[in-house]
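For clarity, every value in this text was computed on a predicted model and none was experimentally measured. Chain letters run A, B, ... following the sequence lines, proteins first and then strands; every chain starts at 1.
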There are 2 protein chains.
Amino acid sequence: MDTTTGPKEKEVEPAEGGADGAPARRDPEGVRRDILAAAGEVFAERGLSGARIDEIAARTRTSKRMIYYYFGDKEGLYRACLEAAYDEVRRGEEALDLGGLPPAEALARLVAFTFDHHRRHPAFIRMVMIENIHRAAHLRASRVAAERNRAAVARLTEILRRGEAEGVFRPGVDPLELHWHISALSFFNVSNRPTFSALFGDELFSEEAQARLRAHAVEMILALVRQEEPGDDDQA
Amino acid sequence: MDTTTGPKEKEVEPAEGGADGAPARRDPEGVRRDILAAAGEVFAERGLSGARIDEIAARTRTSKRMIYYYFGDKEGLYRACLEAAYDEVRRGEEALDLGGLPPAEALARLVAFTFDHHRRHPAFIRMVMIENIHRAAHLRASRVAAERNRAAVARLTEILRRGEAEGVFRPGVDPLELHWHISALSFFNVSNRPTFSALFGDELFSEEAQARLRAHAVEMILALVRQEEPGDDDQA
DNA sequence: GAATGTTTGTACTGGTTCGTACATTACGTC
DNA sequence: GACGTAATGTACGAACCAGTACAAACATTC
């Protein structure tokens, strides 16, 4: 029985597979990212209590020991994943530039973009669902995510302000409330697909149906903020 | 050390505390309900993997043994809870009678009712969230819930049909899609409150703000189905 | 090239948790 | 009032799983 726990003679290949050129044999930052990626998958898939540290470790290029070394405990790892998820998704939102567009068009694009963006990030949606199940206990404990989210509302505020000034939006619309409605239509469309499919089938989730739903979301939001002046600038 | 596991001399009081008059000493149906109620609370609170059978048993007037006797295993119990939750909530919806109302009014009431109904049943919402995390694996495995849900859509179909016939609703609105939107606005308002509060504070969840959100939900849905005929029956 | 702190691997442990073996009691019924 | 079955209580087992003890290898600085 070989009890020597010394250096195993398997090929070494320490950390040079990163493809980013850095031939660092020790690569703490890379290990961190590696763990975070694996943990993100597993947490999103199974939830906090459902996830197994050993499974996360197995999906890693490193070992369980490293998880505890870098993240302390399971919750610490979970919190880091949560922040990373918020961070990544919110960063993706910044790509959208609505500066030059007329307010109604800008809002329409924002809604459509949000709808699509949520669809593109199901893992993020799942993390938020899980966090809501936990009554946001861990999100509350982290100051990171708040900043980026306020940016989303700030952008909405700006669009509303412009629309109000131009007289195309009715005054007094609360940006936060509007954000709430937009999020609802976009988030639910991803989060509740499984139970809905189970009850009513898949028909709402074809590309065509989704495009229709998105168009309706845009319509509904615009209808809510539009200044209804029947026969004011009617072209006729 | 007393190793006799015989009849303990504690007062007997077998099952007469039910307050419903039935002095049955053995009460299988009551035990079932008792377990189901306790399990419903715990599963809604902690999720499937987070729930502990021992905790459920502790909240019961009976023992863990009975859980396995009646429900087989943890999943069986969870499935029973899920069905019970759907059943109870859908039964509560049947109270709403919209028969005599004009279509727009009926739809408005339906949306407002749905919005409130979701708020009144947070535990049900949580069960659905949890089930969505599990990709509806357990809901799919049960045929029960489907029936009652179709009734909700059927009612919506009827309202749309009438509205279309009367010319107040535009034709071709898909009842299932409309149900999706209504559900989104109502469900999300409960399901995502924790993370939203964590990021933006509580302001949207005061009674006044909720009333406003509900009014907006009604408005948005009506705007979506309304026949836009600018200047047709304008009183002027 | 030695000293010192950082990063990593291996094996293990202590507590938790689902589920069950075994025994016993109530109930219906003939 | 005996018998078969349904219902229930107690104690326990086996697996699982978060977290750690111990020790080694690397990196950095002088």
* May I ask you to evaluate whether Tyr69(A) reaches the phosphate of dT20(D), defined as a side-chain N or O under 4.0 Å from OP1 or OP2? => no
* May I ask you to verify if any side-chain N or O of Ser63(B) is less than 4.0 angstrom from the OP1 or OP2 atom of dT10(D)? => no
* Taking the six-membered ring for Trp, are Phe188(A) and Phe188(B) ring centroids under 6.0 Å apart? -> no
* Quick one: label Ala51(A) by what it contacts on the DNA or RNA (base, sugar-phosphate, nothing), any heavy atom closer than 4.0 Å. =>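 Sugar-phosphate, backbone atoms only, no base.
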* What is the nucleic acid contact for Arg52(B), judged by heavy atoms within less than 4.0 Å: base, sugar-phosphate only, or nothing? -> sugar-phosphate
Rounded to the nearest angstrom, tell me the gap between atom [atom1] in [X] and atom [atom2] in [N].
{"X": "Asp73(A)", "N": "dT20(D)", "atom1": "CG", "atom2": "C1'", "result": "13 Å"}
{"X": "Tyr70(B)", "N": "dG19(C)", "atom1": "OH", "atom2": "P", "result": "19 Å"}
{"X": "Asp34(A)", "N": "dT7(C)", "atom1": "CG", "atom2": "P", "result": "16 Å"}
{"X": "Arg65(B)", "N": "dA6(D)", "atom1": "CZ", "atom2": "P", "result": "13 Å"}
{"X": "Lys64(B)", "N": "dT20(C)", "atom1": "NZ", "atom2": "C1'", "result": "9 Å"}
{"X": "Phe71(A)", "N": "dT20(D)", "atom1": "CZ", "atom2": "C1'", "result": "18 Å"}
{"X": "Tyr68(A)", "N": "dT7(C)", "atom1": "OH", "atom2": "P", "result": "19 Å"}
{"X": "Arg32(B)", "N": "dA6(D)", "atom1": "CZ", "atom2": "C1'", "result": "14 Å"}

* To do: Could you point out which residue of Arg119(A), His118(A), Arg214(A) forms a side-chain contact (heavy atoms from CB on, under 4.5 Å) with Asn189(A)?
  => Arg119(A)
* Which listed nucleotide (dC17(D), dT8(C), dG19(D)) is nearest to the side chain of Val31(A)? ->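 Among the listed nucleotides, the one closest to the side chain of Val31(A) is dT8(C).
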* Electrostatic pair Glu93(A):Arg90(A) at N-O distance under 4.0 angstrom -> yes
* To do: Using the side-chain hydrogen bond (donor to acceptor under 3.5 Å, both in side chains) rule, take Thr195(B) and Asn132(A) through it: C-alpha gap first, then chi angles, then the decisive distance, then the call.
  => CA-CA 6 Å; Thr195(B) 51; Asn132(A) 273 301; 3.1 Å; yes
* To do: Establish whether the base of dG19(D) is bridged to the side chain of Lys74(A) by a donor-acceptor pair shorter than 3.5 Å.
  =>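 Absent.
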* Is it the case that Arg120(A) places NZ or CZ above or below the six-membered ring of Phe113(A), under 6.0 angstrom from the centre and within 45 degrees of the axis? -> yes
